[in-house]
Amino acid sequence: MKTTTRSPRTLPLRRSLVSLLTAGVLGLGSLSAVAATEMPPLPEVKGDVVQGNGKDYSLKFNIGLTQSSAQYRGLEYFKKIVEKRSDGHIQVQMFHSAQLGDDLQSVSALQAGTLEMTSPSTSPMVNMFPQFAVFDLPFLFPKPEVADKVLDGEIGQRMLKEASTKGLVAIGWSENGYRQLTNSKRPVSKPADLEGLKIRTMQNPIHLDIWRTLGANPTPMSFAELFTALEQHVVDGQENPWITIKSSKFNEVQQYATETNHVYTPFITLVSERFWNRLPADYQQLLRDAAKQMGDYERHVSRSMNDQIKQELADEGMQITELTPAQVKVFQDKLEPVYADWRDKIGGDLIDSIRQAASSAQ
Ligand code: KDG
């Protein structure tokens with residue numbers, strides 16, 4: 001086990017004072033921008049202008065993560081592609097930090113036709129689409145390329161078709177990423193260290209099973225409520241990718257982190273069916289193309305920044321525990337029963353086909 005850290009606790013305070021001073025100059029809106037890490041530049045728009053039917057369309061796209069997230073960066077590229085290739089006939093309004101609602105509220109708004117697009121995690125949606133639960137199985141994807149192979153392959157494309165129902169049209173995948181545990185109590189390097197820790201999870205039965213099986217005390221909660229719950233010690237810990245821990249400033253209320261990589265979470269790109277049916281076919285194809293390019297670029301942003309962000313969190317005082325392969329195996333073995341519990345509900349064939357994809361990609 002290796003621990004990465006630097007003198008704790010003063011840094012976040014001094015940094016936020018500097019940010020506040022700077023924000024005074026730049027204006028409140030750019031507060032998160034001051035702290036943001038250099039994002040890869042937005043790629044050029046590929047593809048010709050699409051004819052359309054001469055009508056104008058306004059598209060509101062709401063996400064749950066902040067302006068400093070890879071998800072928002074992906075959305076900026078989506079806007080650039082759609083507005084350029086529709087010659088301005090489709091205008092994209094971007095909303096972040098659950099401004100128009102959290103994942104489940106956004107999905108309901110799509111079904112009601114009051115919102116046009118969103119990209120929730122698949123985890124909170126397993127009640128609506130049980131097949132998504134396969135993505136919540138621990139240590140399913142040994143590396144991101146395996147996730148790409150599955151999501152961009154037959155399984156992922158079939159799931160998009162299956163999820164194009166109930167007032168929704170599913171048009172693409174992007175990356176939330178590999179999840180890491182953080183907490184405010186103590187370093188964690190083995191399941192026994194989790195005893196008595198209240199861990200917030202997404203609203204998802206497998207994630208509850210995972211942390212219960214490891215010996216923690218899990219509680220489901222919307223992402224929109226998480227920072228306050230950590231700050232007020234309603235919960236002791238949570239788990240999210242490094243880039244989300246940084247962009248949502250969890251490191252300001254969490255001292256300890258463990259690099260568990262215990263689950264890979266995808267985002268699914270959804271359109272309101274009511275809005276979709278109003279679009280001419282070539283604009284529908286434009287949204288599909290843009291969603292694919294957004295997903296590929298967002299994966300690149302998320303992966304190219306992962307290690308850099310982890311290092312910045314350590315530099316800013318977070319005590320990060322990196323597990324040895326033997327220590328990871330202890331967590332994996334302890335979680336094998338979760339596979340047994342969920343095999344029939346999710347479907348053994350789906351799990352086996354993904355595990356095959358994983359082993360053939362080794
Ligand atoms: O809108 C943000 C969500 O997609 C959220 O699910 C992110 O990983 C997440 C979490 O922990 O809730």
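Note that the numbering runs from 1 along the sequence shown for the chain. Atoms within a ligand are numbered from 1 in the order they appear, just like the ligands themselves.
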Flag the pair [X] and [Y] as a salt bridge only when some basic side-chain nitrogen lies within less than 4.0 angstrom of an acidic carboxylate oxygen.
X	Y	result
Glu145	Lys149	no
Arg303	Asp148	yes
Glu298	Arg73	no
Arg212	Asp209	yes
Arg299	Glu175	no

> How far is atom 6 (O) of ligand 1 from its nearest protein heavy atom, and which residue and atom name does that atom have?
Replying inline: Ser121 OG, 2.9 Å
> Could a heavy atom of Thr265 be found less than 4.0 Å from some atom of ligand 1?
Replying inline: no
> Counting only heavy atoms, which portion of Glu225 has something under 4.0 Å from ligand 1: side chain, backbone, both, or neither?
Replying inline: neither
>> Test of understanding: given a 4.0 Å heavy-atom threshold, classify the contact between Arg179 and ligand 1 as side chain, backbone, both, or neither.
In response: side chain
Ligand-residue contact atoms, ligand 1 with [X], heavy atoms, under 4.0 Å:
X	answer
Asn240	8 (O), 9 (C), 10 (C), 11 (O)
Phe267	4 (O)
Asn176	7 (C), 8 (O), 9 (C)

> Out of Arg200, Met125, Gln238, whose heavy atom sits nearest atom 12 (O) of ligand 1?
Replying inline: Arg200
> Regarding Arg355 and the six-membered ring of Tyr339, is the cationic atom NZ or CZ under 6.0 Å from the ring centre and inside 45° of its axis?
Replying inline: yes
>> Any non-hydrogen side-chain atom of Leu335 less than 4.5 Å from a side-chain atom of Ile210?
In response: yes
> Is there a nitrogen or oxygen of Asp103 sitting under 3.5 Å from a nitrogen or oxygen of ligand 1?
Replying inline: yes
